[in-house]
J.: 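Encoded as structure tokens, here's the structure I'll be asking about.
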Amino acid sequence: MGRQARDLTAYIVYLDFLLTVVGAFAIYSTNFIAYSESSPVFGTVYGVVIALRGLLPLFLHDERLFRLLPFVHLPFLFLVVTLSLALNDVDVYLAGISISALLGIYTGSYVYSLEVSWSKRLNDPSRFFSLVSGSEALAFFIAPLLTYITPDRTAFLLVLAVLVALGLTFLLYFARNVQEVEPKFFSGDFALLKSSYPLLVLASLNWCLQYLWMGTAFELGVRQGIPGSLVSLAVEAETALYMAIQFAMSRRGFGRFVNLRAVAVIIAAYALVVATFTSLLFVRANFLTFLSLLLAIAVVSSPLEPLINALASRERAQEVSTLVVSFDFLGGGLGYVLSSLLLRA
């Protein structure tokens with residue numbers, strides 16, 4: 001009798017969580033760096049970089065890039081944060097983080113392909129992907145809290161170094177010791193774009209809306225005269241509610257709703273809520289309205305990521321996973337640029 005396959009769910013979730021919390025820590029490292037007037041320019045450029053990196057796997061798709069660059073990406077990200085804090089220069093940070101973002105597309109594609117490969121073994125992939133989404137939300141929930149309780153730069157970098165080391169350890173574990181899942185990547189067959197374009201468009205719209213509201217949330221709160229601490233509290237509340245919904249869904253699943261029509265309907269509702277939220281840039285509102293709309297965003301958006309990922313799991317060609325990641329970032333970059341334009345209006 002052959003050896004029984006291991007249950008890799010926890011390992012994959014831990015890997016995703018570690019890499020997400022490393023990215024979140026890199027974002028919140030700006031709390032230790034002085035602001036400069038050129039930052040908005042770099043911020044706009046970064047939005048373009050987010051979109052452009054989505055194109056990289058479509059044209060630079062040598063399999064070795066997907067397998068090797070994750071091991072370059074994490075140490076490089078740590079180096080960027082370390083230099084930025086040592087020099088106290090946000091422009092160094094934004095330039096470095098833009099390069100890191102280009103490397104990160106291959107890390108994200110590698111991990112997501114692992115997840116899709118494993119999900120094909122499961123009866124209800126929506127439960128697994130809800131668990132993954134919940135762990136990612138947990139990473140973004142605890143990252144600012146850990147940042148606030150480690151006000152010393154050296155302590156912050158030490159925590160980040162430990163997280164990077166753990167992330168590299170898990171990556172090495174999957175690269176060397178796991179045969180149950182085999183990541184597969186886009187190899188240049190553009191016919192896959194045609195066969196999976198409805199899913200890719202929906203994935204892109206989802207991330208576009210996400211980056212749009214996230215890119216405006218803090219500035220929007222400030223313009224409404226809401227104290228920064230309350231804005232941060234509201235965003236944390238949104239993250240906590242989203243996380244709780246994901247973990248609840250991971251226990252029950254919602255396999256019967258895994259279809260394109262259901263995703264399209266939810267995205268339409270999501271777009272309506274995000275449009276209402278961003279309209280606060282042009283009208284006055286109180287903190288309760290601000291918080292209510294953020295919580296509405298958490299509720300309406302929570303099924304989207306697991307549903308889209310479950311649909312990707314149903315695709316015959318596992319290589320579609322690379323395309324989903326690419327279109328995620330194409331949409332996210334567009335949303336970030338739109339948020340920058342709205343803030344300048």
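Predicted, not measured: the structure shown is a model, and the values here were computed from it.
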J.: Roughly how far, to the nearest 0.5 Å, is the OG atom of Ser339 from the CG atom of Leu334?
T.: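 Reported value, rounded in 0.5 Å steps: 10.0 Å.
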J.: Looking at Phe218, I'd like to know if its CZ atom is crowded, meaning that more than 12 non-hydrogen atoms belonging to other residues, nucleotides or ligands lie closer than 6.0 Å.
T.: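 Above 12, so yes.
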J.: How far does CG of Leu212 sit from OH of Tyr336, to the nearest 0.5 angstrom?
T.: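 The CG atom of Leu212 sits 12.0 Å away from the OH atom of Tyr336.
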J.: Knowing that exactly one of Asp328, Thr322, Asn309 qualifies, which makes a side chain to side chain donor-acceptor pair (under 3.5 Å) with Tyr112?
T.: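 The passing option is Asn309.
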J.: Rounded to the nearest 0.5 Å, what's the gap from CD on Gln246 to CG on Leu138? Could you check?
T.: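 Interatomic distance, Gln246 CD to Leu138 CG, rounded to 0.5 Å: 12.0 Å.
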J.: Can you see which heavy atom on Ile266 is nearest to which on Val300, and at what distance?
T.: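 So the two residues come closest at CG2-O, 3.2 Å.
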J.: With rounding to the nearest 0.5 Å, note down the distance linking CG in Leu68 to CG in Leu103.
T.: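 The CG atom of Leu103 is 12.0 Å from CG of Leu68, to the nearest 0.5 Å.
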J.: Side-chain heavy atoms under 4.5 angstrom apart, residues restricted to Ile, Leu, Val, Met, Phe, Trp, Tyr: same cluster for Val162 and Leu77?
T.: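 Yes, Val162 connects to Leu77 through the hydrophobic network.
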J.: Quick check: do Phe186 and Pro57 have side-chain heavy atoms less than 4.5 Å from each other?
T.: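 They are not in contact (no side-chain heavy atoms under 4.5 Å apart), so the answer is no.
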J.: Sequence neighbours left out, what pairs pass side chain to side chain donor-acceptor pair (under 3.5 Å) with at least one residue falling in residues 196-209?
T.: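 Of all non-adjacent pairs touching residues 196-209, those that pass side chain to side chain donor-acceptor pair (under 3.5 Å) are Asn206-Glu305, Trp207-Glu305.
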J.: Can you tell me if CG on Asn123 sees more than 12 non-hydrogen neighbours from other groups inside 6.0 Å?
T.: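 12 or below, so no.
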J.: Do Phe156 and Leu145 belong to the same hydrophobic cluster, where Ile, Leu, Val, Met, Phe, Trp and Tyr are linked whenever their side-chain heavy atoms lie under 4.5 Å apart, directly or via other members?
T.: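 Shared cluster, yes.
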J.: Find out whether Tyr106 and Arg67 are in side-chain contact, i.e. whether some heavy atom of one side chain is under 4.5 Å from a heavy atom of the other.
T.: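 Heavy-atom side-chain distance check fails, nothing below 4.5 Å.
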J.: Could you check whether any side-chain heavy atom of Pro198 comes within less than 4.5 Å of a side-chain heavy atom of Leu202, counting everything from C-beta outward?
T.: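 The answer is no; the side chains never approach within 4.5 Å.
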J.: Identify the heavy atoms of Ser313 and Val116 that sit nearest to each other, and give their distance.
T.: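 Heavy-atom minimum between the residues: CA-CG1, 4.1 Å.
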J.: Atom OH of residue position Tyr11 - does it have more than 12 heavy atoms of other residues, nucleotides or ligands inside 6.0 Å?
T.: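 It does not: Tyr11 OH has 12 such atoms or fewer within range.
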J.: Is Leu83 linked to Leu157 within one hydrophobic cluster, defined over Ile, Leu, Val, Met, Phe, Trp and Tyr using a side-chain heavy-atom separation of less than 4.5 Å?
T.: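 No, Leu83 and Leu157 fall in different hydrophobic clusters.
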J.: Restricting to non-hydrogen atoms, name the atom on Val324 and the atom on Ala312 that form the minimum distance, rounded to 0.1 Å.
T.: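 Smallest interatomic distance, heavy atoms only, reads CG2-CB, 4.2 Å.
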J.: Okay, side chain of Arg284, backbone of Gln224: is any donor-acceptor separation there less than 3.5 Å?
T.: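 Checked: pair present.
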J.: Indicate yes or no for a side-chain donor-acceptor contact from Arg127 to the backbone of Ser250 under 3.5 Å, with no hydrogens or angles considered.
T.: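 Yes; at least one donor-acceptor contact below 3.5 Å.
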J.: So do Phe66 and Thr107 actually touch side chain to side chain, heavy atoms under 4.5 Å?
T.: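 Thr107 does not reach Phe66 side chain to side chain.
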J.: Would you mind listing every side chain to side chain donor-acceptor pair (under 3.5 Å) that reaches into residues 254-275, with sequence neighbours excluded?
T.: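 Applying side chain to side chain donor-acceptor pair (under 3.5 Å) to every pair that reaches into residues 254-275, excluding sequence neighbours, yields Trp213-Tyr270.
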J.: For residues 235-260, which residue pairs qualify under ring pair (Phe, Tyr, Trp, His ring centres under 6.0 Å), counting only residues two or more places apart or in two chains?
T.: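 Listed by first then second residue: nothing to list.
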J.: Do His73 and Ser100 have side chains that approach each other closer than 4.5 Å (heavy atoms only, starting at C-beta)?
T.: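 Sidechains of Ser100 and His73: in contact.
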J.: State which residues pass side chain to side chain donor-acceptor pair (under 3.5 Å) with Ser113; sequence neighbours excluded, sorted by chain then number.
T.: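 Gln318.
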J.: What residue among Thr82, Leu74, Val81 forms side-chain contact (heavy atoms from CB on, under 4.5 Å) with Phe78?
T.: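 Going through the options one by one, the only one that passes is Thr82.
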J.: Looking at Ala285, is its backbone amide N or carbonyl O close enough to the side chain of Thr289 to form a donor-acceptor pair, meaning the two atoms are under 3.5 Å apart?
T.: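 No, the answer is negative, given that no donor and acceptor are paired below the 3.5 Å cut-off.
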J.: Should Val72 and Leu168 be counted in the same cluster of Ile, Leu, Val, Met, Phe, Trp and Tyr side chains packed under 4.5 Å apart?
T.: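 Linked within one cluster.
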J.: In Å and rounded to the nearest 0.5 Å, what is the NE2 to OG distance from His61 to Ser326?
T.: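 His61 NE2 to Ser326 OG: 10.5 Å, rounded to 0.5 Å.
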J.: Is the backbone N or O of Ile105 less than 3.5 Å from a side-chain atom of Arg53, with the two atoms forming a donor-acceptor pair by type?
T.: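 Looks like no, no N/O pair under 3.5 Å.
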J.: Where is the tightest heavy-atom contact between Ala137 and Thr239, given as atom of each residue plus distance?
T.: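 Scanning both residues, the minimum pair turns out to be O-CG2, 3.3 Å.
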J.: State whether the side chain of Arg153 and the backbone N or O of Ala86 hold a donor-acceptor pair below 3.5 Å, judged by distance alone.
T.: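 Answer holds: no.
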J.: Can you name the nearest heavy-atom pair linking Phe287 to Leu230, along with the distance?
T.: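 Minimum heavy-atom contact is CE1-O, 3.5 Å.
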J.: Using 0.5 Å steps for rounding, measure from the CZ atom of Phe190 to the CG atom of Leu58.
T.: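 Nearest 0.5 Å value for the CZ-CG distance: 5.5 Å.
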J.: Report the residues that fulfil side chain to side chain donor-acceptor pair (under 3.5 Å) with Ser126, sequence neighbours left out, ordered by chain and then residue number.
T.: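 Checked Ser126 against side chain to side chain donor-acceptor pair (under 3.5 Å); matches are Asp124.
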J.: Do side-chain atoms of Ser279 reach the backbone of Thr276 as a donor and acceptor pair under 3.5 angstrom?
T.: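 Judged by distance alone, yes, a pair lies under 3.5 Å.
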J.: Indicate yes or no for a side-chain donor-acceptor contact from Ser133 to the backbone of Ser130 under 3.5 Å, with no hydrogens or angles considered.
T.: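 Flag not set: sc Ser133 to bb Ser130 has no pair under 3.5 Å.
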J.: Is there a donor-acceptor pair under 3.5 Å between the side chain of Glu219 and the backbone N or O of Leu343?
T.: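 No, because the side chain of Glu219 does not come within donor-acceptor range (under 3.5 Å) of the backbone of Leu343.
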J.: Might you work through the side-chain contact (heavy atoms from CB on, under 4.5 Å) test for Arg314 and Val258, ending with a clear yes or no?
T.: CA-CA 9 Å; Arg314 290 184 175 183; Val258 179; 3.7 Å; yes
J.: Taking all non-hydrogen atoms of both residues into account, name the closest pair between Glu236 and Phe140 and its distance.
T.: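 Smallest interatomic distance, heavy atoms only, reads OE2-O, 3.7 Å.
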J.: Keeping the roles fixed (side chain from Lys120, backbone from Glu315), state whether a donor-acceptor pair exists under 3.5 Å.
T.: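 Yes, Lys120 side chain to Glu315 backbone: donor-acceptor pair under 3.5 Å.
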J.: Run the side-chain contact (heavy atoms from CB on, under 4.5 Å) check on Phe17 and Glu136 step by step: do they pass?
T.: CA-CA 5 Å; Phe17 170 78; Glu136 292 171 348; over 6 Å; no
J.: Just so I know, are the side chains of Tyr14 and Leu166 near enough to count as touching, which here means a heavy-atom distance under 4.5 Å?
T.: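 Result no, sub-4.5 Å side-chain heavy-atom pair not found.
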J.: Specify whether Phe277 and Phe290 have parallel, tilted or perpendicular ring planes, treating 30° as the upper limit for parallel and 60° as the lower limit for perpendicular.
T.: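 Correct class here is tilted.
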J.: Looking at side-chain heavy atoms only, is the closest gap between Leu15 and Leu19 below 4.5 Å?
T.: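 Yes, close enough: below the 4.5 Å cut-off.
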J.: Tell me, with the steps shown, if Phe71 and Leu172 meet side-chain contact (heavy atoms from CB on, under 4.5 Å).
T.: CA-CA 9 Å; Phe71 294 96; Leu172 188 62; 4.2 Å; yes
J.: Would you please test Phe185 and Leu323 for side-chain contact (heavy atoms from CB on, under 4.5 Å) and show each step?
T.: CA-CA 9 Å; Phe185 313 103; Leu323 299 180; over 6 Å; no
J.: Hey, any chance Leu85 and Leu158 share a hydrophobic cluster, counting ILVMFWY side chains that come within less than 4.5 Å of each other, even indirectly?
T.: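 Each belongs to a different hydrophobic cluster.
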J.: List the atom pairs, donor and acceptor, that lie under 3.5 Å between side-chain atoms in residues 20-29 and the rest of the protein, sequence neighbours left out.
T.:
from  : atom 1 : to    : atom 2 : distance (Å)
Thr20 : OG1    : Asp16 : O      : 2.7
Thr20 : OG1    : Asp16 : OD1    : 3.1
Ser29 : OG     : Ala26 : O      : 2.6

